Colleague: 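Take this structure, written in structure tokens, and hold onto it; I'll ask about it next.
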Amino acid sequence: MSPGPAPRVSAAARTARLAVHLDHERGVALVRPLDPAGEPVDAVCAVPVAELDLRGTRSVWRNARTYRALLAAGVRAERAHDLELVEGLLVAADGASGAPRGLAAAAARLAGAPVPPDEEREEPTDEPPALFRRAEPDPAGTLASLVAVHAAQQRRLAADPGLRTLAAAESAGGIVAEEMRAEGLPWRADVHDALLTEALGPRPAGHGRPPRLLALAAEVEAAFGRPVNPDSPAELLRAFARAGVELPSTRSWVIRQVDHPAVAPLLAYKDLARLHAAHGWSWLRTWVHEGRFRPEYVVGGVVSGRWATRGGGALQIPRAVRAAVRADEGHRLVMADAAQLEPRILAALAGDAELARAGGRERGSDLYAGLAAELFGPNVPDGRARAKLAVLSAIYGQTSGDAGAHLALLRRRFPAAVAVVEEAARAGEEGRLVRSRWGRTCPPARPGDEVPARARARGRFTRNFVVQATAAEWALVLLAELRAMLGRAGNPSRLVFFQHDEVLLHGPTGAAPEAAELVQDAADSATRILFGATPVRIPMPARVVESYAEK
DNA sequence: CACCAACAACGG
DNA sequence: TGCGCCGTTGTTGGTG
């Protein structure tokens with residue numbers, strides 16, 4: 001293959017697909033225009049990466065690392081087909097969840113050859129992403145195999161409209177994930193540091209405990225009358241036992257019920273020790289650089305399609321440190337989360353008009369409050385809490401306590417919704433597969449899952465899967481729609497954080513109100529794209545704030 | 001010393 | 001019968 005002239009991608013090709021592979025050795029992008037079915041319509045071109053223009057095409061690439069490198073070179077894509085993400089969806093749909101999904105594996109599968117395991121994932125690194133860090137052996141061969149695997153995936157997807165849409169949404173998620181990482185979550189190290197000092201006392205010089213923890217540990221020891229390491233569950237159990245209190249564990253809610261002078265300082269210690277260990281100065285130094293926290297988002301990292309993250313625990317940012325997430329000078333955050341997403345998703349999935357109606361359609365609608373009135377009548381004490389418990393029990397599969405009675409009540413009022421989760425549970429117990437709205441597929445049963453206790457556990461898993469996976473699907477579309485709407489509006493606000501049903505945008509103050517408006521538009525659009533005509537509304541109220549801590 | 005399981009706490 | 005789903009991260013305390 002000889003490199004062609006600089007690409008003059010035709011107007012027709014612009015509406016189609018462009019296979020993109022970076023030749024790290026030569027520092028160019030190899031691109032090959034494809035028709036919608038994935039067949040090449042033009043020769044391979046070698047383009048300097050910075051000159052690549054991906055607008056108007058769906059970029060076909062190996063995995064997120066390609067886009068990470070493109071972003072680092074200042075190139076943005078509009079739409080994508082991420083071979084690795086799509087292969088994962090297809091493999092799971094075939095009931096082989098967990099099988100290798102990298103390009104090499106996909107190519108081997110295509111050739112009927114033994115499927116090699118995926119390469120180990122790269123370790124997260126503090127270095128900025130290097131564009132040409134690693135030479136790719138035989139880039140032309142890789143591009144050819146990329147085109148072949150893509151064509152095969154297209155043939156599969158053509159036969160399954162749901163999966164085809166899911167593939168597009170998953171790939172869009174891949175784009176958003178890399179762009180959020182590139183953008184970074186604004187994080188004020190000075191605010192975080194002040195907050196730590198306020199809670200823990202001045203930062204210790206070495207790796208020792210900060211003053212406040214030392215003082216509380218001493219109080220615990222004094223209360224027990226002997227040396228105790230409050231970080232050690234085993235020592236705490238022994239200390240309580242010697243004081244005449246046998247405990248099943250040292251969880252906070254267990255300790256809280258004990259009447260002993262060590263309890264108060266111990267609870268305070270556990271609280272602050274958690275802050276110090278998980279989000280203290282060490283976390284700050286490791287994960288926040290130049291005012292940004294850049295976690296690596298792993299799209300589809302959870303079997304349900306939820307995202308995972310690597311590095312810094314981005315999906316567990318405790319409320320205590322959220323004040324450090326502050327907009328830049330002259331900027332604002334737009335903070336939005338979908339209201340009671342999972343029960344609303346269930347209502348739409350089941351076509352349960354009654355549950356949809358109980359959820360309400362107003363921006364401030366509260367499904368649990370509406371349900372409380374439906375189930376228990378108006379003004380029943382704790383009605384909302386009980387309604388919430390009933391719904392979550394139905395989705396999670398809990399049958400203990402009051403949940404059984406609540407479930408019976410739900411079944412009478414919302415038979416369609418309950419039937420969906422109960423059928424999913426039955427399928428799981430019988431070892432069958434269950435799927436999300438568009439066809440994301442749960443892992444197959446494993447040997448031993450027919451044992452009653454295991455079968456029931458799998459039933460709870462599949463019961464939850466159909467709802468959680470469809471909710472994750474909705475969230476993918478929301479992200480893609482919001483990104484597209486911001487782009488079309490020329491709004492400079494950027495997605496900077498995403499957590500299951502919640503987004504943060506960051507942008508100039510003047511752009512924030514419009515961005516906040518677009519959130520509900522994107523949510524409505526996602527609901528319509530995923531479910532078509534449905535009485536279900538998913539409210540996603542957005543607020544313009546300076547700090548993530550503002551509630 | 002590296003590795004791993006159990007525990008605990010955070011998030012949805 | 002026994003019974004809520006999905007994760008990440010850090011510490012302890014054991015193992016080889």
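Both backbone and side-chain heavy atoms feed into the values below; hydrogens, waters and symmetry mates do not. The chains referred to below are lettered A, B, ... by the order of the sequence lines, with proteins before strands, and numbering in each begins at 1. Values in this document were obtained by computation on a predicted structure and should not be read as measured data.
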Colleague: Within the 4.0 Å heavy-atom criterion, would you say Gly312(A) contacts the bases, only the backbone, or no part of the nucleic acid?
Modeller: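 Answer is sugar-phosphate: Gly312(A) comes under 4.0 Å of backbone atoms only.
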Colleague: Do Tyr297(A) and Glu178(A) get their side chains close enough for a donor-acceptor pair, meaning under 3.5 Å?
Modeller: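 No - no donor-acceptor pair under 3.5 Å links their side chains.
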Colleague: Under a 3.5 Å threshold, yes or no: a donor from one side chain and an acceptor from the other, between Asp231(A) and Tyr269(A)?
Modeller: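 Yes, a side-chain donor-acceptor pair sits under 3.5 Å.
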Colleague: Write down the distance between CD1 (Ile395(A)) and P (dG12(B)), rounded to a whole number of angstrom.
Modeller: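 That distance rounds to 16 Å.
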Colleague: Does dA9(B) have OP1 or OP2 under 4.0 Å away from a side-chain N or O of Lys270(A)?
Modeller: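 Answer yes for this pair, as a side-chain N or O of Lys270(A) is under 4.0 Å from OP1 or OP2.
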Colleague: Mind calculating the distance between CG (Leu247(A)) and C1' (dC7(B)) to the nearest angstrom?
Modeller: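 One finds 14 Å between C1' of dC7(B) and CG of Leu247(A), rounded.
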Colleague: Between Phe224(A) and His260(A), is the ring centre distance below 6.0 Å?
Modeller: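 Close enough - the centres of the two rings lie under 6.0 Å apart.
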Colleague: Between dC7(B) and dC3(C), how many Å separate the two P atoms, rounded to a whole number?
Modeller: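 Here dC7(B) and dC3(C) have their P atoms 15 Å from each other.
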Colleague: What is the nucleic acid contact for Arg319(A), judged by heavy atoms within less than 4.0 Å: base, sugar-phosphate only, or nothing?
Modeller: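 If one applies the 4.0 Å heavy-atom cut-off, Arg319(A) turns out to touch the sugar-phosphate alone, with no base involved.
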Colleague: Kindly assign one of parallel, tilted or perpendicular to the pair Trp187(A) and His192(A), based on the angle between their ring planes and the thresholds 30° and 60°.
Modeller: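 Aromatic pair Trp187(A)/His192(A) classed tilted.
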Colleague: Is a donor-acceptor contact shorter than 3.5 angstrom present between the side chain of Arg306(A) and the base of dG12(B)?
Modeller: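 Between dG12(B) and Arg306(A), which were checked side chain against base, a qualifying N/O pair under 3.5 Å is present.
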Colleague: Given atom CG of Asp337(A) and atom C1' of dG11(B), what is their separation to the nearest angstrom?
Modeller: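 Computing the Asp337(A):CG to dG11(B):C1' distance gives 13 Å.
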Colleague: Which nucleotide wins on minimum distance to the side chain of Gln468(A), given the candidates dG2(C), dC7(B), dC6(C)?
Modeller: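 Selected nucleotide: dC6(C).
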Colleague: Which whole-number value in Å describes the distance from Arg256(A) CZ to dA9(B) C1'?
Modeller: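 Whole-Å distance recorded here is 12 Å.
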Colleague: Closer than 4.0 Å, any side-chain N/O of Ser252(A) to the OP1 or OP2 of dA9(B)?
Modeller: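 Yes, such a contact exists.
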Colleague: Nearest to the Ala308(A) side chain among dT12(C), dG7(C), dC5(C), which nucleotide is it?
Modeller: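 The listed nucleotide nearest to Ala308(A)'s side chain is dG7(C).
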Colleague: To the nearest Å, give me how far apart CZ (Arg310(A)) and P (dT9(C)) are.
Modeller: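 Spelled out: CZ on Arg310(A) to P on dT9(C) is 9 Å.
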Colleague: Base, sugar-phosphate, or nothing: which does Arg251(A) touch, judged by heavy atoms less than 4.0 Å apart?
Modeller: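 Since only primed, P, OP1 and OP2 atoms lie under 4.0 Å of Arg251(A), the category is sugar-phosphate.
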Colleague: Using whole Å, what does the distance between atom C1' of nucleotide dA8(B) and atom CG of Leu237(A) come to?
Modeller: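 The distance from CG of Leu237(A) to C1' of dA8(B) comes to 12 Å, rounded to the nearest Å.
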Colleague: Hey, does the Lys NZ or Arg CZ of Arg437(A) hover above the aromatic six-ring of Phe531(A), less than 6.0 Å from the centre and inside 45° of the axis?
Modeller: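 No; the conditions do not both hold, so Arg437(A) does not lie above the ring face of Phe531(A).
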Colleague: When rounded to the nearest 0.5 angstrom, what distance separates CD in Glu450(A) from CZ in Arg446(A)?
Modeller: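 Going from the CD atom of Glu450(A) to the CZ atom of Arg446(A) covers 11.5 Å.
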Colleague: For dT12(C), does OP1 or OP2 lie under 4.0 Å from any side-chain N or O of Asn229(A)?
Modeller: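 Checking Asn229(A) against dT12(C): at least one side-chain N or O falls below 4.0 Å of OP1 or OP2.
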Colleague: So if I take every side-chain heavy atom of His500(A) and compare against dT9(C), dG12(B), dC7(B), which nucleotide ends up nearest?
Modeller: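 When the side chain of His500(A) is considered, dG12(B) is the closest of dT9(C), dG12(B), dC7(B).
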Colleague: With the side chain of Arg456(A) defined as its heavy atoms from C-beta on, choose the nearest nucleotide among dT1(C), dG7(C), dG11(B).
Modeller: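 Side chain of Arg456(A) sits closest to dT1(C).
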Colleague: What integer distance in Å separates Asp501(A):CG from dC6(C):P?
Modeller: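 Going from Asp501(A) (CG) to dC6(C) (P), I get 17 Å.
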Colleague: With a 4.0 Å cutoff (strictly under), does any side-chain N or O of Arg460(A) reach OP1 or OP2 of dG4(C)?
Modeller: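 The answer is no; no side-chain N or O of Arg460(A) sits under 4.0 Å from OP1 or OP2.
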Colleague: Using a heavy-atom cut-off of under 4.0 Å over every strand shown, decide if Leu392(A) touches base, sugar-phosphate, or nothing.
Modeller: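 Leu392(A): base contact, heavy atoms under 4.0 Å.
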Colleague: Strictly below 4.0 Å: does Ser232(A) bring a side-chain N or O up to OP1 or OP2 of dG13(C)?
Modeller: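 For dG13(C), OP1/OP2 do have a side-chain N/O of Ser232(A) under 4.0 Å.
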Colleague: Given dT12(C), dC5(C), dG11(B), which nucleotide is nearest the side-chain atoms of Asp231(A)?
Modeller: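 My answer, after comparing the listed nucleotides, is dT12(C).
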Colleague: So if I take every side-chain heavy atom of Thr250(A) and compare against dC7(B), dC6(C), dG13(C), which nucleotide ends up nearest?
Modeller: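 Of dC7(B), dC6(C), dG13(C), dC7(B) is nearest to the side chain of Thr250(A).
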Colleague: Any base atoms under 4.0 Å from Arg322(A), or only sugar-phosphate, or nothing? Heavy atoms, all strands.
Modeller: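 Result for Arg322(A) = sugar-phosphate.
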Colleague: Please give, in whole Å, the distance from dG4(C) P to Leu407(A) CG?
Modeller: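 Value for this atom pair: 14 Å.
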